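The model shown is predicted, which means the values in this text are computed figures rather than measured ones.
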Amino acid sequence: MTQTPSARPAPAATTGPVLVVGAGLLGASIGLGLRHLGVDVWLQDASPTAEAVAQDIGAGRSCRAAGPAPEPALVVVATPPDVTARTVAEALERHPGAVVLDIASVKEAVLEGVRELGGDLARYVGTHPMAGRERSGPVAARGELFTSMPWVVCDSGFSSPAALAAAKNLAVDLGATVTFMDAREHDATVALISHLPQVMSSLLASRLQDTPLHHLSLAGQGLRDTTRIAASDPHLWVQILSANAEPVVASLHGVRQDLDRLIATLEGPEAPGARLDIAQLIAEGNAGQARIPGKHGGAPRAFASLTVLVGDVPGQLARLLTEIGEIGVNLEDLRLEHSPGQPVGLAEVSVLPNRRKELVEALQERGWKVVQ
């Protein structure tokens with residue numbers, strides 16, 4: 001949970017004290033990252049337990065346990081979306097010398113809420129770190145959570161240069177990549193790339209509720225991949241989808257058009273042009289998937305894959321990865337799939353195409369079974 005650096009970190013551009021309001025996964029991770037850089041961090045949470053746990057893992061000092069916090073230079077609001085605007089407005093009023101940021105996953109509703117509550121928009125900046133984990137709460141926090149991840153900064157329209165600089169400095173100090181957008185553009189973007197995937201995953205997984213278990217035992221990695229995020233917290237997603245309903249609905253209308261098109265085609269699969277339409281629909285998906293940025297956020301790049309049989313015993317996967325490193329081939333991606341009913345796993349390894357043959361031969365020489 002805490003960072004163990006091998007070298008002294010560079011000085012932080014963020015000026016403390018920093019007050020983090022909300023000691024959950026993201027708030028505690030921000031605290032851990034800033035404390036690693038030597039920044040004075042204080043923690044405040046509606047839950048005394050969450051606040052105490054965040055202090056125990058080193059994310060900062062609890063306002064309850066350590067006494068009143070000094071006047072902050074920066075307040076980071078990391079509360080659930082349905083209370084973010086009110087919490088921001090209260091922080092702006094309570095700390096008139098501080099810049100106040102929020103990290104909620106929706107931006108326009110929060111901005112309008114702060115405006116309606118009379119908050120000082122010159123000292124307010126909405127931000128959204130595009131990072132997270134399947135686990136929640138301060139026990140899941142990591143100081144490296146934001147490393148190389150996008151962090152969106154949204155000017156309120158009145159944000160001062162100093163407030164925008166504070167937002168950018170926080171993101172850069174925590175290792176993130178900063179992108180500037182206005183609130184409306186941000187919400188439309190995340191509706192498509194984040195909120196729609198959640199809805200589609202949840203809808204697909206909901207179809208499995210009454211499926212016999214012996215049918216589900218046949219499921220491959222495709223079903224697991226497409227339903228992984230269906231395990232997300234319903235309470236949080238009620239807030240997110242309600243706050244960003246308009247752009248999500250726009251995306252869903254597009255999906256509905258595609259579904260209606262596919263249903264009409266499959267109701268007459270022998271009709272002239274039906275197979276072509278199915279092929280076009282799949283090809284459109286190919287084209288969209290190919291546009292997703294590749295490794296390190298760069299342009300998409302095609303890799304060659306091979307699948308290695310890995311015994312389901314401790315240390316086998318680690319040995320495979322170690323030996324790939326010894327062979328001198330860079331691992332571009334890794335997916336692990338378990339073989340149903342068998343004590344083995346299938347490790348799908350992605351490498352540069354011109355290194356695939358070399359890796360296959362070297363692994364086979366070392367006794368690994370390459371199955372494709």
Side-chain angles (χ1 to χ4, degrees), residues 1 4 131-135 140 142 144-145 147-149 197-198 200-202 204-232 278-279 282-283 285-372:
M1 291 180 288
T4 306
R133 300 184 69 186
E134 284 78 16
R135 299 168 59 199
R142 295 190 300 145
E144 314 88 355
L145 186 66
T147 302
S148 300
M149 302 300 291
Q198 175 64 55
M200 300 304 292
S201 180
S202 294
L204 173 58
S206 73
R207 309 304 303 168
L208 308 177
Q209 294 178 88
D210 299 320
T211 303
L213 288 179
H214 68 282
H215 292 178
L216 291 176
S217 68
L218 303 177
Q221 196 63 33
L223 184 65
R224 295 185 181 91
D225 286 346
T226 51
T227 59
R228 180 183 60 83
I229 58 174
S232 298
I278 295 170
I282 300 299
N286 294 162
Q289 195 277 336
R291 298 190 70 232
I292 300 173
K295 188 177 179 183
H296 308 309
R301 188 173 187 180
F303 298 120
S305 64
L306 56 136
T307 301
V308 184
L309 203 64
V310 180
D312 193 12
V313 295
Q316 281 289 91
L317 181 60
R319 184 167 72 86
L320 172 63
L321 299 181
T322 298
E323 294 193 14
I324 291 175
E326 292 172 351
I327 293 166
V329 175
N330 190 52
L331 183 66
E332 303 293 343
D333 200 0
L334 172 68
R335 294 176 60 192
L336 187 64
E337 180 177 355
H338 290 286
S339 182
Q342 300 296 323
V344 295
L346 302 173
E348 183 181 323
V349 175
S350 296
V351 298
L352 293 176
N354 62 349
R355 306 299 301 276
R356 183 185 187 278
K357 181 179 179 182
E358 171 192 352
L359 180 59
V360 169
E361 293 175 350
L363 288 175
Q364 289 174 335
E365 289 176 0
R366 292 169 177 247
W368 293 98
K369 184 175 181 181
V370 180
V371 295
Q372 77 178 51

Taking atom CG of Leu218 and atom OG1 of Thr211, what is their separation to the nearest 0.5 Å?
11.0 Å
Between Leu145 and Met149, which heavy-atom pair has the shortest distance, and what is it?
O-CG, 3.6 Å
For Val329 and Leu352: C-alpha separation, side-chain torsions, deciding distance, then whether side-chain contact (heavy atoms from CB on, under 4.5 Å) applies.
CA-CA 9 Å; Val329 175; Leu352 293 176; over 6 Å; no
Does the side chain of Leu331 come within less than 4.5 Å of Leu321's, by heavy atoms?
yes
Taken in chain and number order and not counting sequence neighbours, the residues that satisfy side chain to side chain contact (heavy atoms under 4.5 Å, CB included) with Met200 are Leu196, Val255
Give the intermediate values and the outcome of side-chain contact (heavy atoms from CB on, under 4.5 Å) for residues Val351 and Ile324.
CA-CA 10 Å; Val351 298; Ile324 291 175; 5.7 Å; no
Excluding sequence neighbours, so at least two apart, what forms side chain to side chain donor-acceptor pair (under 3.5 Å) with Thr322?
none
The criterion is salt bridge (charged side-chain N to carboxylate O under 4.0 Å, His left out); which residues satisfy it with Asp333, sequence neighbours excluded?
none
To the closest 0.5 Å, what do you measure between OG1 (Thr147) and CZ (Arg142)?
8.0 Å
I'd like to check the side chain to side chain contact (heavy atoms under 4.5 Å, CB included) partners of Pro314; sequence neighbours left out, ordered by chain and number.
none
Using side chain to side chain contact (heavy atoms under 4.5 Å, CB included) as the criterion, list what pairs up with Ser148, not counting sequence neighbours.
none
What residues form a side chain to side chain donor-acceptor pair (under 3.5 Å) with Ser206, not counting sequence neighbours?
none
What is the distance from atom CG of Leu320 to atom CG of Leu336, rounded to the nearest 0.5 Å?
9.5 Å
On a heavy-atom basis, the closest approach of Arg224 and Ala219 is NH1-O, 3.4 Å
Which side chain to side chain donor-acceptor pair (under 3.5 Å) pairs, counting each pair once, include a residue from residues 358-370, with sequence neighbours left out?
Glu323-Trp368, Glu326-Arg366, Arg355-Glu358
Full working for side-chain contact (heavy atoms from CB on, under 4.5 Å) between Val371 and Val308
CA-CA 6 Å; Val371 295; Val308 184; over 6 Å; no
Please report the interatomic distance OG1(Thr226) to CD(Gln221), rounded to the nearest 0.5 Å.
9.5 Å
For a quick test of reading the model, state the closest non-hydrogen atom pair linking Ser232 to Gln198 and the distance between them.
OG-OE1, 3.0 Å
Check whether Ser201 reaches the backbone of Ala230 with its side chain - one donor and one acceptor, N or O, closer than 3.5 Å.
yes
Is there side-chain contact between Val349 and Leu363, with heavy atoms separated by less than 4.5 Å?
no
Pairs where residues 208-218 contributes a residue and the test salt bridge (Lys or Arg N to Asp or Glu O under 4.0 Å) is met, not counting sequence neighbours:
none
Residue set satisfying side chain to side chain contact (heavy atoms under 4.5 Å, CB included) with Ala362, at least two apart, ordered chain then number -> Ile327
